[in-house]
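Computed over heavy atoms, backbone and side chain alike; hydrogens, waters and symmetry mates excluded.
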Amino acid sequence: MVHVLSLWFLCAALSGAGLVNAIGTSGTRSDFARWGYPRWWGILTGGLEISAAALIAFPASRSFGLVLATVIIAAAIVTVLRHRDMQHLPPLSVFVSLIALGAISS
């Protein structure tokens, strides 16, 4: 039961983060600009996050979705650490935990 709930929470969290990144709130846009990414990077990131959520939702593509989510979150962690923007680490650690739980129990 915990496995199923963690996967659905991961899907919801990735979808929400993807929407925020794709829509590009002012805070999100300023973060990406401060980190040196082009203006379209948020749209790409959001699309990849939503795609990962969709892949995780279906058992046949779950492994690929978990790998994609891992790559996305790893890139985010590297970016945050490189720019010493540590206030973004707590939400990223939640994603890491959910991905790990999903991968272990899949």
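A chain of hydrophobic side-chain contacts below 4.5 Å, direct or via other Ile, Leu, Val, Met, Phe, Trp or Tyr residues, connects Ile73 to Leu10. If you chain together hydrophobic residues whose side chains sit under 4.5 Å apart, Val71 and Val96 never meet in one group. Hydrophobic cluster membership differs between Phe58 and Leu66, with clusters built from Ile, Leu, Val, Met, Phe, Trp and Tyr side chains linked at under 4.5 angstrom.
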Using residues 19-26 as the side-chain source, report each donor-acceptor pair under 3.5 Å to any protein atom, sequence neighbours left out, with the distance given to one decimal.
| residue | atom | partner | partner atom | Å |
| --- | --- | --- | --- | --- |
| Asn21 | ND2 | Ala17 | O | 3.3 |
| Asn21 | ND2 | Glu49 | OE1 | 2.9 |
| Asn21 | ND2 | Glu49 | OE2 | 3.3 |
| Thr25 | OG1 | Thr28 | N | 3.3 |
| Thr25 | OG1 | Thr28 | OG1 | 2.8 |

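Atom OG of residue Ser51 and atom CD1 of residue Ile56 lie 10.5 Å apart, to the nearest 0.5 angstrom. The structure places OG1 of Thr70 at 4.5 Å from CD1 of Ile99, a figure rounded to the nearest 0.5 Å. With values rounded to the nearest 0.5 angstrom, Trp40 atom CH2 is found 11.0 Å from Phe32 atom CZ. Here the straight-line distance linking atom NE2 of His83 with atom CG of Asp31 works out to 10.5 Å at 0.5 Å rounding.
With sequence neighbours left out, the side-chain contact (heavy atoms from CB on, under 4.5 Å) criterion links Ser93 to no other residue. Every residue two or more places apart in sequence or in another chain that forms a ring pair (Phe, Tyr, Trp, His ring centres under 6.0 Å) with Tyr37 is listed here: Trp41. Annotation: side-chain contact (heavy atoms from CB on, under 4.5 Å) contacts of Ile43 (sequence neighbours excluded): none. Arg84 meets the salt bridge (charged side-chain N to carboxylate O under 4.0 Å, His left out) test with no other residue; sequence neighbours excluded.
Leu81 has its side chain within reach of Leu89: a pair of non-hydrogen atoms, C-beta onward, lies under 4.5 Å apart. Side-chain contact check for Thr79 versus His88: every heavy-atom pair is 4.5 Å or farther apart. Using a 4.5 Å heavy-atom threshold, the side chains of Phe95 and Ile72 count as separate.
Contact record, Ile50 with Ser15: CG1-O, 4.1 Å, taken as the closest heavy-atom pair. Taking both residues in full, the closest heavy atoms of Ala52 and Leu14 are given as CB-CD1, 4.2 Å, listed atom of the first, atom of the second, then distance.
Sparse packing is recorded around CZ of Arg39, with 12 or fewer heavy atoms of other residues, nucleotides or ligands lying under 6.0 Å away.
Residue Val4 belongs to a hydrophobic cluster whose other members are Trp8, with links defined by side-chain heavy atoms closer than 4.5 Å.
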Could you check Val67 against Leu55 for side chain to side chain contact (heavy atoms under 4.5 Å, CB included), going step by step and ending with a plain yes or no?
CA-CA 10 Å; Val67 169; Leu55 290 168; over 6 Å; no
